[in-house]
Protein chains: 2
Amino acid sequence: MKDGPDIARIASLIGDPGRANMLAALMSGKALTAGELAREAGVRVQTASGHLTRLEEGGLIARERQGRHHYFRLADTDVAGVLEALMGLAAAKGQLRTRTGPRDPELRRARVCYNHLAGEVGVMLYDSLRARGVLTGEGDDIVLSDAGRAEMAALSIDLSATSRSPECKSCLDWSARRSHLAGRLGRGILDFTFAQGWAMRPEGTRIVRFTAIGEGAFRKAFQV
Amino acid sequence: MKDGPDIARIASLIGDPGRANMLAALMSGKALTAGELAREAGVRVQTASGHLTRLEEGGLIARERQGRHHYFRLADTDVAGVLEALMGLAAAKGQLRTRTGPRDPELRRARVCYNHLAGEVGVMLYDSLRARGVLTGEGDDIVLSDAGRAEMAALSIDLSATSRSPECKSCLDWSARRSHLAGRLGRGILDFTFAQGWAMRPEGTRIVRFTAIGEGAFRKAFQV
DNA sequence: AGAACAGTTCGGCCCCGACCGAACCATTCT
DNA sequence: AGAATGGTTCGGTCGGGGCCGAACTGTTCT
């Protein structure tokens, strides 16, 4: 068949346990060396080297040579997003082997997923918005209520359609196994949070680090 | 030894070209049979059957047995979300393959399913009968209401038990992925439609071709 | 009843790719 | 310079799993 779909190629790259472990280790956003990744995957360094070459050719990771070290990181946020979605799905299917989620407590707390807020803070925000009636609807089909739309407008949160993504969407959280908010609203809120200076994102990571004042302001603004 | 959800297991399920093709075909939201999926994947039906059981065990798809057909659909929206994310990532590098829609538009419109009416017209009929209270009941367990029974009797629709099939039964539609009406009532209505000369069936096909007048009469009789 | 048809199971073939030992680059340290 | 260290490449082994022919189950049609 001429349609050897790229989706299978990508998925099969992730589908090997060794490579999956390496990718999971890279989810922290840090760049790791081949040796470190070999240890993560539980294989010899030669094997890991082969895996890393394939992942690089597949466009899932990027390599940076620095002296005798080779640093690897996830290629872009799309890759991180796919991994996040896969982890959420795997966790939801009860295929969990041990406690889920990233080790780094900061990542568990708040992180970027695609372009919106994930982690404990993201889940709390989502729960609060639903409880207060800002968001309504069943299951995946959530909508912004009129009252909620007014509230977001009062905060000058941008909901303009930069893409054809839906306004509201629930996204399964990897570490918490609960839903959090995606879509244009999710993006708008995260952009707003950064714009207000309530939080920042350390270079090269997916961590969302709130300032002490910022977290309070965030909680107050969204009544979390 | 490694922590985190078993992402590799899920990904490797998607990572086979045959299975990926099947999943992509199911992205339309329609429920497809094993034979159709085998054609989509470009493999023999035995191979497809093996893939489908593995996908089912992995929780990616759900199976619904209906007579001698097995209908498969994506298990839930989370699975669809993961596939979409993967397709997005693949599209960033490879070429996106577009699915060709269902073939013959006449078949899509109205056709014979066993001995009753299927296709868009069949689905509309079913929806209308339910909305009007002619049919009541939850899920597969549908019954003809007293008012409905009187209405069918007024049209002289034959509900006599020519076989041991139930009076009413919902049947999953091939092209529309929605339910339509089967059972003795479904058969009676189709027989009635032919008997009235509202529609005919071209030799050797499963198409139900309404005449212009016949379609109007049909719609009026059943208030579609 | 038998034929036709949709799916599954079984058995065997065969290839891909994961794995590791060993040898081979490349960089840094002394 | 040689030694130590981080990575890659090569060659060979081996197991998992994808594939199909054939046989079997179950349902529908005539």
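Each chain gets a letter, A, B and so on, in the order its sequence line appears, and its residues count up from 1. Note that the coordinates shown come from a computational prediction; the quantities given were computed from them, not determined experimentally.
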Arg39(A) CZ to dG7(D) C1', in whole Å, measures 15 Å

ask   = Within less than 4.0 Å of OP1 or OP2 of dA6(C), is there a side-chain N or O belonging to Thr33(B)?
value = no

Within the structure, does a side-chain N or O atom of His70(A) lie under 4.0 Å from either OP1 or OP2 of dT8(D)? yes

Q. Can you check whether Arg65(B) has a side-chain N or O nearer than 4.0 Å to OP1 or OP2 of dT27(D)?
A. no

Output for pair (Leu60(B) CG, Asp76(B) CG), nearest 0.5 Å, gives 9.0 Å

Separation between CZ (Arg184(B)) and CD1 (Ile189(B)), nearest 0.5 Å, reads 13.0 Å

Rounded to whole Å, CD of Gln46(A) lies from C1' of dG6(D) at a distance of 12 Å

Can Thr33(A) and Tyr71(A) be said to form a side chain to side chain contact (heavy atoms under 4.5 Å, CB included), step by step?
CA-CA 5 Å; Thr33(A) 67; Tyr71(A) 286 97; 3.6 Å; yes

Arg68(B) atom CZ is separated from dA3(C) atom C1', nearest whole Å, by 11 Å

Arg44(A) atom CZ is separated from dC10(D) atom C1', nearest whole Å, by 19 Å

From the candidates dG18(D), dT9(D), dT8(C), the one with an atom nearest any side-chain atom of Phe72(B) is dT8(C)

The correct set of residues in residues 49-56 of chain A placing a heavy atom under 4.0 Å from DNA chain D is Ser49(A)

Separation of dG17(D) atom C1' from Arg19(B) atom CZ, nearest Å, is 9 Å

Below 30° counts as parallel, above 60° as perpendicular, anything between as tilted: where do the rings of His180(A) and His116(A) land?
tilted

task: Report yes if at least one side-chain N or O of His69(A) is closer than 4.0 Å to OP1 or OP2 of dT27(C); otherwise report no.
output: no

Rounded to whole Å, CD of Glu64(B) lies from P of dA6(C) at a distance of 18 Å

To the nearest angstrom, the CG-P distance between Leu13(B) and dG16(D) comes to 17 Å

Sequence neighbours excluded, the answer for ring-ring contact (aromatic ring centres under 6.0 Å, His included) partners of Phe218(B) is Phe210(B), Phe222(B)

Rounded to the nearest 0.5 Å, the CG atom of Leu37(A) sits from the CZ atom of Arg39(A) at a distance of 9.0 Å

Glu36(A) CD to dG6(D) C1', in whole Å, measures 11 Å

Problem - Phosphate-side-chain proximity, Arg187(B) and dC29(D), N/O vs OP1/OP2 below 4.0 Å - result: no

In His51(B), His70(B), Arg63(B), the residue satisfying side chain to side chain donor-acceptor pair (under 3.5 Å) with Glu56(B) is Arg63(B)

